[in-house]
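One structure is given below, encoded as structure tokens.
Only a predicted model underlies this, so the values are computations on that prediction, with no experimental measurement involved. We name chains A, B, ... by the order of the sequence lines, and we start the count at 1 in each one.
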Amino acid sequence: MKNFYITTAIDYANGSPHLGHAYEKVLTDVIARHERLKGKKVHFLTGLDEHGQKVQQSARKADMSPQAFCDIQAEKFISMCKLLNISNDDYIRTTQKRHKDVVCTLLQKLFDAGDIYMAEYKGFYSTRQEQFLQERDKVDGKWPEIFGEIIEISEPNYFFKTSKYQTWLVDFIKENEDFIFPRFRAKQVLEFLKEPLNDLSISRPKERLEWGIPLPFDQNYVTYVWFDALVNYISAIGYGTPEFSQNWPVDYHVIGKDILVPPHSVYWTIMLKACGIELPKSLLVHGWWLSSGEKMSKSLGNIVNPLDLVEQFGTDSFRYFLMREMNVGQDSDFSADLFFTRYTSDLGNDLGNLVSRALNMSHRYCGGIVKAQSVFEEPEKELKELFNNSIEEIKRMFDGMQFHTALDKIFTFIRGINRYAEVRAPWKLAKSTESTDAQRLETSLAYMAEGLRLSAIMLASVMPSISEQILGLLGQSRLEAYGDSLVWGNTLEGSKLGEQAILFPRPQAK
RNA sequence: CGCAGGAUGGAGCAGCUUGGUAGCUCGUCAGGCUCAUAACCUGAAGGUCGUUGGUUCAAAUCCAGCUCCUGCACCCA
């Protein structure tokens, strides 16, 4: 059976990891983990885009070779993945041989098929910035000072016949409504495609850009940006080998809204089509984190460093916040206050405190052992029904990328357990001498434990470590796939509970 | 100009596809509880769902106009 294959966009080596990178990784990781828990075999790819002018420049500035520079950058991005507990199965770097080989294969294939041709590329070139300028770069009708000397040059370059596939692409997007998620994004693509498509310039002369993959049919040029970066999705899984079909077609390319049009929706789809490769099943397009309504960007300098929050509050708390707060596809505001509220209120007060009180009472009243669920009265019925009535919907929400509402629903259940504890009041039952109350006491603690077990499993894709920790405290050795484990039962009967634990410590009040 | 997204009690959001008593979290106020991370539970106050008009027995939800916010150069998820 084919694997569930999911990718993030690869990060550009000329930059440092920030919230945006972190979010995309976490989002993709949650989906990957969710699918694994559903029992699927998953292949999760992320990586680094290492070629290009910016990298070449940065490396020169730092007085090192581009490759050495990339190695340092790769280290940074990979350690962010580790910090965030990202479960990727592979990490591709575009300087790897396996990638370059596939890029060359595709280029040669399209060249042979006549889809790549040479033509004059005319434009204004800034020698200082080492880039072509556009009319829109002008300020008050003039090129700004920062570009230095501007010369008009005309040079031959290679082009890819994207225009040839425009009609096909429009039809394809119209016919495949699920190709782009959320759907409204497809409208933007179609809007873009109303204008005639220019053929894509895919090369740069080597004397200007040496840090790239040489064209197989003309060593004087290297390939430019998209023909390099996008190909990672197939080079990483062995395009051209028998293993390729184990993963391809990809189930989700998770990308930011900035690189939907035109790179993924237009260039990538056309490249695949032209090469006779099956198309991705879906592009999952997420929005941006804003800081009080403003985009977070390097130029604005308002980037929140995810590492800081992770260090202080833990990886899972951070992951929870990202998934709880962002409606996938929309933009969301980020603020430390918001984070703090979620952490304290949802995680600390509702969940953490519940674990703590449940364990404490179990030790105090039941010797730290989960007893039988021997009583079934109104409170038990209510709690069990709360679970049974929401579990299917929660699963559906996860499948439909509605993580924020799914988490809301899960925490409604967790609050339901707190309410149950209040109604049953085990601390009162413990004082009673009636034998039915003794049974109620045992049952109530068993119910709380069972509720927590189910909560932990439901939260597993978002908070893998916390989930495991809770299950451990409940005497479960490890996390099982959803299957039968996500059903109200009494699998915990006889389990020995762990010592009381503070899962989400309150930060010291200043 | 055009395109896209957004506008729902003090704050942040869900609901809008498939019209039918407006929901959640935080905050505020009052009460309860004492097992627990000054946590938990209950109740209350607070919204003419941006605006105008239309369709309908009925509209936050469908349709049209308008207003305001955000994005649509490079960088960037």
Partner nucleotide of B/U25 by Watson-Crick or wobble geometry (both distances under 3.5 Å):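 Paired with B/A11.
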Contact class for [X] (heavy atom, under 4.0 Å): base, sugar-phosphate, or nothing?
{"X": "A/Phe411", "value": "nothing"}
{"X": "A/Arg342", "value": "sugar-phosphate"}
{"X": "A/Phe192", "value": "nothing"}
{"X": "A/Arg415", "value": "sugar-phosphate"}
{"X": "A/Lys428", "value": "sugar-phosphate"}
{"X": "A/Asn327", "value": "sugar-phosphate"}
{"X": "A/Leu27", "value": "nothing"}
{"X": "A/Glu422", "value": "base"}
{"X": "A/Gly20", "value": "base"}
{"X": "A/Gly329", "value": "nothing"}

Could you give the distance separating [M] and [N] at their [atom1] atoms, to the nearest angstrom?
{"N": "B/A73", "M": "B/A11", "atom1": "C1'", "answer": "35 Å"}
{"N": "B/G15", "M": "B/A77", "atom1": "P", "answer": "28 Å"}
{"N": "B/A14", "M": "B/C49", "atom1": "C1'", "answer": "12 Å"}

Integer-rounded Å distance: B/U25 C1' and A/Phe340 CZ: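 Between C1' of B/U25 and CZ of A/Phe340: 16 Å.
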A/Arg185 CZ - B/A4 P separation (whole Å):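 For the pair A/Arg185 CZ and B/A4 P, the rounded distance is 12 Å.
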side-chain contact (heavy atoms from CB on, under 4.5 Å) assessment of A/Trp226 paired with A/Ile202: CA-CA 8 Å; A/Trp226 299 118; A/Ile202 60 155; over 6 Å; no
Test item: A/Asp251 side-chain N/O and A/Tyr5 main-chain N/O as donor-acceptor pair under 3.5 Å: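 Yes; judged by distance alone, with no hydrogens or angles, the pair exists.
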Face-on cation placement of A/Arg342 at A/Phe321 ring, 6.0 Å and 45° thresholds: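 No, cation not above the ring by the 6.0 Å, 45° rule.
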Charged tip of A/Arg60 within 45° of A/Phe69 ring normal and under 6.0 Å: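 Pair A/Arg60/A/Phe69 does not count as cation-pi.
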Distance test, side-chain N/O of A/Gln500 to OP1/OP2 of B/U37, below 4.0 Å: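 Yes, within the criterion.
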Measure distances between side-chain N and O atoms of [X] and base N and O atoms of [N], and say whether any donor-acceptor pair falls under 3.5 Å.
{"X": "A/His404", "N": "B/A14", "value": "no"}
{"X": "A/Asn353", "N": "B/A36", "value": "yes"}
{"X": "A/Gln330", "N": "B/G6", "value": "no"}

Mutual orientation of the aromatic rings belonging to A/Tyr23 and A/His286 [parallel < 30°, tilted 30-60°, perpendicular > 60°]: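 Answer is perpendicular, since the angle exceeds 60°.
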RNA chain B: 5'-proximal contact among A/His21 and A/Asn349 (nearest heavy atom):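 Per heavy-atom nearest nucleotide, the more 5' residue is A/Asn349.
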